[in-house]
Amino acid sequence: MKKQMMLVTLVLALSAHAGAAQTDKSAAPPLTMKPLAQQTQAALWASRVLTRVHYKAMPLDDAMSEKIFDRYFKSLDAEKLFFVQADIDRFAPLRTRLDDAIINEDLTAPFAIYNLYQQRFDERMAYARELLKTKFDFTADESYQIDREKAAWPKNDEEVRDLWRKRVKNDWLRLKLAGKEDKAIRETLDKRYESYTTRSRKLNSEDVFQIFMNAYAMSIEPHTNYLGPRASDNFDIAMRLSLEGIGAVLQTRDEYTVVREVVPGSPAGLSGKLKVGDRIVGVGQGESGPITEVLGMRIDDVVQLIRGAKDSVVRLDILPADAGPDAKHLVLPLVRKKISMEEQAAKKSVIEVRENGVKRRIGVIALPTFYQDFEARRRGDKDFKSATRDVSRLLAELKKDKVDNVLIDLRNNGGGSLNEAVELTGLFIDKGPVVMQRNAEGKVDVESDTNAGLAWDGPMGVLINRGSASASEIFAAAVQDYGRGVIIGEGSFGKGTVQTLFNLDRFGGSEKARFGELKMTIAQFFRINGGTTQLRGVTPDIKLPAMSDTENFGESSYDNALPWVAIKPAPYIPTGDLKDIVPLLDKKHEARVAKDKDFQYLLDDIALVVKQRKENQISLNETVRRKERDAQEARAKAREKRLIAQISNPAEDLVVIPDPKDVLKGTKAASKTAKQIAAVKGALRTDDGLQGDERALSAELDAETAAKSAKDVLLNEAARILADEVALIKADTRMASKVLPYGADGKVSPVAATAK
């Protein structure tokens, strides 16, 4: 009790001292955030679970408190632009007492830290807006540090103000280089900084609690997280790829909730009355319930009002996109239905590679995540949403399309359901182990495909990058270990751990208690060859240029990641042996890209990004920046000219054929070409100095479409590699017998027969 009283007294003293430290009279009075009773209980129960059940269970003690302290400050101010060293020193006595705050159910301390952060945030924004009234000298030879995550905390107010002077100067210079006049620049930036303050003040105690609890959870291990009640709901929606609502994607623009996208076939789409750009200013429940004004409301609060039970009615008070603020509103009643998030589901296309008059058709399946509707499957719903089911259906369609090879595109697929990874692997192997799990007690379980037969028995490949993690790595590793397909791309993320969701509401004692969930590491997974993807990831058979910053992205970038280890391999029978064919494919690949202008453009871009990343400085001298911008525009124009020529007069060795279901009916060839040219120009546009919500919505949507439509150099090269594979195995039955699971003659491959 004495220690607890000391902690409370200390926090109150520090809070008072922090409040007295405010010097900027223009800053708004700080909000005081306080923890809720259920949050203090949730923190205690979470700590009991984490210290006993976690794969890497660690005591909640003074040593852990120090880690939480450092990570919490980093979570609030990663770029070190708000706190100064004196702020950190002022709260230093709490460094070893945050464990007591959790155990004693008194979260005053972390909330006091957050309240000072909010105060400092307001002060910095007020200062940034004051700077807009001054005149910047763009002839001075000075620079701004781009990434400050590894920098020291600013020593004092003078140093942090100089950082903000340079930051505002850079924001101004970007707009100036884009052709904006001073008056327009001042208005744009003033509105931007005001918007930052407005958004930060919409954070609530649930947000603060989640930031603090994640600082605790991630101090144990990088992939352990606390999910507050709302975050937990959103995670569930992401996994099942469905929700009950109206079928509209929303965003905040100028305090309005704006319709960004209308999902075809949804209640919103079928109504024909809700348009992109429309502003939702009120939401009413039922056919006659009062309408709640949502102007200025947080977007997730608006979404919460619009979502609801299937077949229930919601009424939207809409200000049309092209109407002024005083125009007549439209009240639109909609009946909520189950909405499928098809944008995140598996999709197929066909890439036709032509060489020496011969066409090779490569079927591509892009899989953004390993999704599964766990609840529907548990209920016995025969039509539950599943990545494996969708891919199986697409493989059947690709067979009808008579493709020669299949490429599974897992770039930026961060994982998902472990069960889906196992079942998806089963589509490409007959039967056998896929992955091994080892729990905290050291017990090893083998997860196997038990379904006989293959959905695809032809040659295949997997395209990965640094963003391919977890379930993606399980799948790619199994394909590689079985010798089933060629792995193409860059080294994967390196996440070799298994998480489960632990619902803290079971400790609540009532239905009203909502304590949230823990996404907690409970096991480590291992390849069937005994190794693990932890830290090292999956190394591709054929490497493509690395686009990622491996120092700051990937498992190896975490200071507390689990180490790489190996265990006894699982008994398995390889279906193929690619050691003879991979060097041949790699040789053809290297020869081809050396002459490929698009590939060389990509290498130039990567080299430029690596150089900028290494320098970590950007000049604030206008003359220097104009030279850099001119060089950037020259590169963009040269590339644009080449790409437009290719679109207008296609004589390439490669044609991309999208899934007919994804192509609007009635699209004319001429308009298609015009759209492709517009896409190229949009994708290569130079910096306009604006942020997303500062551009017109139509311009932002066009830019996104352009990015999606832009030529995917790496995907195209992966398709060419697989086309080379087809050519080699068709020309050599001995090679085919090694690569294909049933050989060239339809019999079990000699590789598998020898292994048996």
Side-chain angles (χ1 to χ4, degrees), residues 42-58 60 210 213-214 216-241 369-379 384-388 413-425 434-448 469-475 477 493-508 513-527 532-534 555 558 560-562 565 567:
L44 178 62
W45 284 115
S47 70
R48 291 176 178 174
V49 173
L50 291 171
T51 54
R52 298 172 190 175
V53 185
H54 196 280
Y55 182 73
K56 185 187 172 185
M58 299 174 69
L60 180 57
Q210 182 158 306
M213 287 304 294
N214 265 318
Y216 170 26
M218 294 180 70
S219 292
I220 299 171
E221 184 267 341
H223 304 293
T224 295
N225 303 102
Y226 169 77
L227 304 175
R230 188 167 292 179
S232 176
D233 292 342
N234 289 335
F235 182 83
D236 183 48
I237 288 169
M239 284 304 296
R240 68 175 188 262
L241 287 196
T369 182
F370 285 79
Y371 50 88
Q372 184 184 115
D373 190 339
F374 298 111
E375 181 60 26
R377 184 169 187 168
R378 188 189 62 78
R379 290 196 312 263
F384 69 88
K385 192 71 175 172
S386 155
T388 303
N413 181 323
S417 167
L418 174 67
N419 186 60
E420 287 294 331
V422 174
E423 293 188 356
L424 188 72
T425 305
V434 174
V435 65
M436 298 183 285
Q437 288 190 65
R438 185 176 70 181
N439 65 17
E441 286 75 44
K443 182 187 176 187
V444 176
D445 289 320
V446 180
E447 303 285 341
S448 299
S470 195
S472 291
E473 295 175 287
I474 291 173
F475 176 78
F493 191 92
K495 178 180 175 292
T497 53
V498 182
Q499 285 72 42
T500 190
L501 289 176
F502 191 101
N503 194 334
L504 296 173
D505 290 347
R506 66 180 71 181
F507 303 121
R514 294 214 64 192
F515 289 165
E517 292 182 307
L518 289 173
K519 182 167 72 71
M520 185 173 60
T521 299
I522 56 165
Q524 189 168 354
F525 67 74
F526 294 82
R527 302 172 66 140
T532 176
T533 59
Q534 180 64 18
E555 193 77 7
Y558 297 119
N560 60 342
L562 294 175
V565 289
I567 62 173

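For the atom pair CG of Asn419 and OG1 of Thr388, the computed distance is 7.5 Å after rounding to the nearest 0.5 Å. Of the inter-residue distances, the one linking Thr500 atom OG1 with Ile522 atom CD1 reads 4.5 Å to the nearest 0.5 angstrom. Atom OG of Ser470 sits about 9.0 Å away from atom CZ of Phe370, to the nearest 0.5 Å. Rounded to the nearest 0.5 angstrom, Met58 CE and Thr51 OG1 are separated by 11.5 Å. Here OH of Tyr55 is found 10.0 Å from CD of Glu221. Values are rounded to the nearest 0.5 Å. Atom CG of residue Leu227 and atom CG of residue Asp233 lie 10.0 Å apart, to the nearest 0.5 angstrom.
Between the side chain of Asn413 and the backbone N or O of Ser472, no donor-acceptor pair lies under 3.5 Å. Between the side chain of Gln534 and the main chain of Leu562, a donor-acceptor pair closer than 3.5 Å is present. Judged purely by atom type and a 3.5 angstrom limit, Asn560 uses its side chain to pair as donor or acceptor with the backbone of Met218. Under the 3.5 Å distance criterion, the side-chain polar atoms of Gln210 are matched with a main-chain donor or acceptor of Gly228. Under a 3.5 Å cut-off, the side chain of Glu420 and the backbone N or O of Ser386 do not form any donor-acceptor pair. Between the side chain of Thr521 and the backbone N or O of His54, no donor-acceptor pair lies under 3.5 Å. Distance alone, capped at 3.5 Å, is enough to place a donor-acceptor pair between the Thr425 side chain and the Ala421 backbone. Remark: the backbone N or O of Ile220 is paired with a side-chain donor or acceptor of Lys56 at under 3.5 angstrom. Side-chain atoms of Asp505 come within 3.5 Å of backbone N or O of Phe515 as a donor-acceptor pair.
The pair Arg240-Asp236 meets the salt-bridge criterion, with a side-chain N (NZ, NE, NH1 or NH2) lying under 4.0 Å from an Asp/Glu carboxylate O. With salt bridges taken as basic N to acidic carboxylate O contacts below 4.0 Å, one links Arg377 and Glu423. Between Asp373 and Arg378, none of the side-chain N atoms (NZ, or NE/NH1/NH2) sits under 4.0 Å from a carboxylate O, so this pair counts as no salt bridge.
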- Task: Apply side-chain contact (heavy atoms from CB on, under 4.5 Å) to the pair Val49 and Leu518, showing each step before the final yes or no.
- Result: CA-CA 9 Å; Val49 173; Leu518 289 173; 3.9 Å; yes
- Task: Show the numbers, then the answer: is there a side-chain contact (heavy atoms from CB on, under 4.5 Å) between Val53 and Arg48?
- Result: CA-CA 8 Å; Val53 185; Arg48 291 176 178 174; over 6 Å; no
- Give the intermediate values and the outcome of side-chain contact (heavy atoms from CB on, under 4.5 Å) for residues Leu504 and Tyr226. CA-CA 10 Å; Leu504 296 173; Tyr226 169 77; 4.0 Å; yes
- Trace of the side-chain contact (heavy atoms from CB on, under 4.5 Å) decision for Tyr216 with Leu50: CA-CA 10 Å; Tyr216 170 26; Leu50 291 171; 3.7 Å; yes
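Glu447 has its side chain within reach of Gln437: a pair of non-hydrogen atoms, C-beta onward, lies under 4.5 Å apart. Between Phe525 and Met436, the closest side-chain pair of non-hydrogen atoms is not below 4.5 Å. Looking at heavy atoms from C-beta onward, Phe526 lies in side-chain contact with Val565 at the 4.5 angstrom threshold.
Closest approach of Glu517 and Asn503 over heavy atoms only: CG-CA, 3.9 Å. Contact detail for Ala471 and Gly416: the closest heavy-atom pair is CB-N, 4.0 Å. Between Gln372 and Ser417, the closest heavy-atom pair is NE2-OG, 4.0 Å. Gly415 and Thr369 make their closest contact through O-OG1, 2.9 Å (heavy atoms, listed as atom of the first residue, atom of the second, distance).
Counting only N and O atoms by type, the side chains of Thr497 and Gln524 include no donor and acceptor under 3.5 Å apart.
Stacking of Arg506 on the aromatic ring of Phe502 is recorded, both the 6.0 Å distance cut-off and the 45° axial limit being met.
Screening Val446, Val422, Leu418 for a side-chain contact (heavy atoms from CB on, under 4.5 Å) involving Val434 leaves a single residue, Val422. Looking at Lys495, Gln499, Glu555 one by one, the single match for side-chain hydrogen bond (donor to acceptor under 3.5 Å, both in side chains) with His223 turns out to be Glu555.
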